Amino acid sequence: QQQVKQSPQSLIVQKGGIPIINCAYENTAFDYFPWYQQFPGKGPALLIAIRPDVSEKKEGRFTISFNKSAKQFSLHIMDSQPGDSATYFCAASSGSEKLVFGKGTKLTVNP
Amino acid sequence: NAGVTQTPKFQVLKTGQSMTLQCAQDMNHNSMYWYRQDPGMGLRLIYYSASEGTTDKGEVPNGYNVSRLNKREFSLRLESAAPSQTSVYFCASKLRTGANTEAFFGQGTRLTVV
């Protein structure tokens, strides 16, 4: 049973566009929702994370929107750049649950 | 500060061979994890160790064993490799399981079983 469902599987945007990646979860015990960024040949690295007591968090060009009632959260990348081309993973965890990942979204930002 | 170090980076095995993937972290983290990454499947947890001396199965443990050698090191062993174990393996560490803190990943081991 997939605990975190991520979409789309791949995404292509032009430079300056705003790609949006969506995730949904079922387990209401989750209380920590990070996004990881992975470049080819590298391990994933934490990009930004949110807790369910806030509806939005911004760090630079990256924004997480969180909808607790719908059990959904999404990543928005403002003014996307070719250097943002990577695979993005949403994840979720709680005090009693291990970190579980979505299946990933491969983002390509064309010049 | 090296973070999480995995060895080897690449490995080719024949079906039935055994090998051990090594992982070490220098951040004094309590929890360590082994994931495998396959195309379209995301990161799937194989085994984890919440603290030194404990290990538990994750989502896909069959065909693997682990050893938490000490607080720094967590190894993954394939006793009899199968082509289905061809994957990229990532080790990760975290301050402690359940803590809302960052998980740090190694660079990965790309394993091919022929």
Side-chain angles (χ1 to χ4, degrees), chain A residues 1-11 21-25 27 29-54 57 59 64 66 73 86-107, chain B residues 2-7 9-10 21 23-25 27 29-51 54-61 66 74 87-110:
Chain A
Q1 180 184 4
Q2 188 182 357
Q3 296 198 56
V4 179
K5 294 184 179 181
Q6 182 173 347
S7 63
Q9 191 171 10
S10 63
L11 188 55
I21 304 170
N22 299 298
C23 285
Y25 64 97
N27 190 341
F30 288 144
D31 61 2
Y32 177 65
F33 302 90
W35 285 89
Y36 282 78
Q37 181 187 54
Q38 184 183 31
F39 293 106
K42 304 293 185 182
L46 181 67
L47 182 64
I48 185 173
I50 196 168
R51 292 177 174 76
D53 54 345
V54 297
K57 182 175 181 179
E59 287 188 3
I64 299 179
F66 187 84
F73 58 109
T87 299
Y88 293 82
F89 294 96
C90 62
S93 71
S94 73
S96 58
E97 298 285 341
K98 304 166 291 295
L99 191 63
V100 292
F101 288 86
K103 292 189 175 183
T105 298
K106 184 177 181 180
L107 172 67
Chain B
V4 179
T5 303
Q6 291 183 235
T7 55
K9 287 186 171 54
F10 301 94
L21 280 63
C23 176
Q25 53 91 9
M27 296 173 284
H29 285 170
N30 291 297
S31 301
M32 298 185 73
Y33 307 82
W34 277 105
Y35 290 89
R36 60 177 290 173
Q37 182 176 22
D38 303 289
M41 299 297 291
L43 291 153
R44 294 183 291 169
L45 183 64
I46 305 171
Y47 270 94
Y48 71 102
S49 171
S51 60
T54 69
T55 60
D56 280 292
K57 295 179 181 179
E59 181 184 356
V60 288
V66 291
F74 188 39
S87 187
V88 181
Y89 292 85
F90 287 99
C91 176
S93 73
K94 197 174 177 185
L95 182 59
R96 59 179 171 82
T97 296
N100 292 337
T101 57
E102 181 176 356
F104 291 83
F105 285 80
Q107 296 275 55
T109 295
R110 185 173 295 275

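Values reported hereafter were calculated over all heavy atoms of this structure, with side chains retained and with hydrogens, waters and symmetry mates removed. Please read all numbers here as calculations on a predicted model, not as lab measurements. Letters A, B, ... mirror the listed sequences (proteins, then strands); counts begin at 1.
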Subject >> Value rounded to 0.5 Å, distance of NZ in Lys103(A) from CZ in Arg44(B) >> reply: 8.5 Å
Measure [X] against the heavy atoms of chain A and call it side chain, backbone, both or neither at under 4.5 Å.
{"X": "Gln6(B)", "result": "neither"}
{"X": "Phe104(B)", "result": "neither"}
{"X": "Leu43(B)", "result": "both"}

Quick check: closest heavy atoms across [X] and [Y], and the distance to 0.1 Å?
{"X": "Tyr35(B)", "Y": "Leu99(A)", "result": "OH-O, 3.1 Å"}
{"X": "Gly43(A)", "Y": "Gln107(B)", "result": "N-OE1, 3.7 Å"}
{"X": "Lys94(B)", "Y": "Ser93(A)", "result": "NZ-OG, 4.0 Å"}
{"X": "Phe90(B)", "Y": "Gln38(A)", "result": "CZ-NE2, 3.3 Å"}

Original post:
Would you say Tyr36(A)'s side chain and Ala103(B)'s backbone share a donor-acceptor pair under 3.5 angstrom?
Top reply: yes
Subject >> Heavy-atom proximity to chain B below 4.5 Å, by part of Pro44(A) >> reply: both
Original post:
Got a sec: does the CZ of Arg110(B) have more than 12 other heavy atoms crowding it under 6.0 Å?
Top reply: no
**OP:** Evaluate whether atom CD of Glu59(A) has more than 12 neighbouring non-hydrogen atoms of other residues, nucleotides or ligands under 6.0 angstrom away.
**Re:** yes
**OP:** For residues Phe101(A) and Met41(B), determine if any side-chain heavy atom of one lies less than 4.5 Å from a side-chain heavy atom of the other.
**Re:** no
Original post:
So which of Gln9(A), Lys106(A), Lys42(A) has the largest heavy-atom pair count under 4.5 angstrom toward chain B?
Top reply: Lys42(A)
